[in-house]
Amino acid sequence: MKLVMVALFAGILLAAAPATADWNEPNVPGTQTYRLIGLSPQARVREYEVKDYDAARMLIAYNAGSDEPAVYDDVEGKVIRYEYEHKPTTSVLQIERDYGTILQARGFEPLIAGRGIRYPGLGVNDQDMVGYWRWEDPNKGMIWVHLHAWYNGSHDLPRSTLTIVETSTMQQMLQTNAATEAGASSLADALQENGRVAVYGIAFDFDRATIRPEATPCSGTFSRCSRRIRGCS
């Protein structure tokens, strides 16, 4: 009877004990390493998300001593987010130092980096570690990085989030669309100025102005021009 009671009491204690982070389990399916920053060592990616075009709130300036020192903006572009569970012996200080060393070696400029108590107004706990960095990539535009590392109720449960924004993605898409529109506009302008325009790949019946059936579907640049000229849809 005593053995049964001991076993029952132990079960109750285990059920009431907080679950520890399974930091050494596999990363969430689909996780990919960012091209400039490796995955955090001895840690598990528990959440991973990529949006081709989104916005993330980034610190763009910190004015120490003012009533509202933190200045934020919603930075738009390609957004990559990681959330980690770290090995229990990892400190949040170590997490911030690891990322800070890597990012500064890559040429990133730190806007702020350190313990939360140094940066009142950020809305984080005093013992949390926080960092914001940015870098002008010659090939991709401005890249922003935000790190937040904290203990999830116990020093044995270190967690961190890493958010990356590449601001140039939508700009490139707009440039591509603008080039397409420019091509269509040049055809329409040439038609208006000269009364004619050369368009290739359109088949007519012999000695007639009737467009052959295989040439009638609207497509490509011609469809944009023809929508203005003939109401193609």
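Side-chain atoms of Arg44 and Asn24, non-hydrogen and from C-beta on, never get closer than 4.5 Å to each other. Side-chain contact between Ile37 and Tyr99: present, with at least one pair of heavy atoms (C-beta onward) separated by less than 4.5 Å. At least one side-chain heavy atom of Met129 sits under 4.5 Å from a side-chain heavy atom of Leu93. A heavy-atom distance below 4.5 Å is not found between the side chains of Val165 and Lys78.
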Worksheet entry | Check against side chain to side chain contact (heavy atoms under 4.5 Å, CB included), Glu76 and Tyr53 | CA-CA 7 Å; Glu76 299 180 355; Tyr53 191 76; 2.4 Å; yes

Discussion item. Between Thr163 and Met58, does the side chain to side chain contact (heavy atoms under 4.5 Å, CB included) criterion hold? Intermediate values first, please.
Written reply: CA-CA 9 Å; Thr163 304; Met58 289 286 168; 3.9 Å; yes

Worksheet item: So Trp23 and Lys87, side chain to side chain contact (heavy atoms under 4.5 Å, CB included) or not? Walk me through it.
Response: CA-CA 6 Å; Trp23 63 271; Lys87 185 177 180 180; 3.6 Å; yes

Worksheet entry | Derivation and outcome, side chain to side chain contact (heavy atoms under 4.5 Å, CB included), residues Val79 and Ile164 | CA-CA 6 Å; Val79 179; Ile164 304 163; over 6 Å; no

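Residue pairs meeting the salt bridge (charged side-chain N to carboxylate O under 4.0 Å, His left out) criterion with at least one partner in residues 94-110, sequence neighbours excluded, are Glu109-Arg134.
In this structure, OG in Ser160 is found 10.0 Å from CD in Glu85, a value given to the nearest 0.5 Å. Distance check: Ile95 CD1 to Leu147 CG gives 7.5 Å after rounding to the nearest 0.5 Å. Distance check, rounded to the nearest 0.5 Å: CD of Glu47 to CG of Asn27 gives 12.5 Å. Rounded to the nearest 0.5 Å, atoms OH (Tyr34) and CG (Leu39) are 13.0 Å apart. In this structure, the separation between CG on Leu162 and CG on Leu103 is 7.5 Å, given to the nearest 0.5 Å. Interatomic distance, CZ of Arg115 versus CG of Asp126, reported as 10.0 Å (0.5 Å rounding).
One hydrophobic cluster holds both Leu59 and Met142 under the rule that ILVMFWY side chains link at heavy-atom gaps under 4.5 Å. Hydrophobic cluster membership is shared by Trp133 and Tyr82, with clusters built from Ile, Leu, Val, Met, Phe, Trp and Tyr side chains linked at under 4.5 angstrom. In terms of hydrophobic clustering, with Ile, Leu, Val, Met, Phe, Trp and Tyr side chains grouped at heavy-atom distances under 4.5 Å, Tyr132 and Tyr62 are assigned to a common cluster. Both Tyr48 and Leu36 sit in one connected hydrophobic cluster of ILVMFWY residues. Membership requires side-chain heavy atoms under 4.5 Å apart, directly or through other members. Hydrophobic clustering, with ILVMFWY side chains joined whenever heavy atoms are under 4.5 angstrom apart, groups Val50 together with Val45.
Although no hydrogens or angles enter the test, the distance criterion places no donor-acceptor pair under 3.5 Å between the side chain of Asn125 and the main chain of Gln127. With Tyr119 contributing its side chain and Ala113 its backbone, the two residues share a donor-acceptor pair below 3.5 Å. Between the side chain of Ser40 and the backbone N or O of Ala43 there is no donor-acceptor pair closer than 3.5 Å.
Shown here is Gln32, whose CD atom has no more than 12 heavy atoms of other residues, nucleotides or ligands within 6.0 Å.
The shortest non-hydrogen separation linking Thr33 to Gly38 is CG2-CA, 3.7 Å. In terms of heavy atoms, Asp74 sits closest to Ala55 at CB-CB, 4.3 Å.
Looking at Glu83 and Arg159, a side-chain N of the basic residue comes within less than 4.0 Å of a carboxylate O on the acidic one, giving a salt bridge. A salt bridge links Glu166 to Arg35: one of the charged nitrogens lies within less than 4.0 Å of a carboxylate oxygen.
Close placement of the Phe108 and Trp135 rings is indicated, their centers lying within 6.0 Å of each other. In summary, the aromatic rings of His146 and Trp144 are positioned with their centroids too far apart to meet the 6.0 Å limit.
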Tell me which donor-acceptor pairs under 3.5 Å the side chains of residues 63-73 have, and how far apart each pair is, sequence neighbours excluded?
| unit_1 | atom_1 | unit_2 | atom_2 | d |
| --- | --- | --- | --- | --- |
| Ser66 | OG | Asn63 | O | 2.8 |

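Ring geometry for His86 against Tyr84 counts as tilted: the plane angle lies between 30° and 60°, on a 0 to 90° scale.
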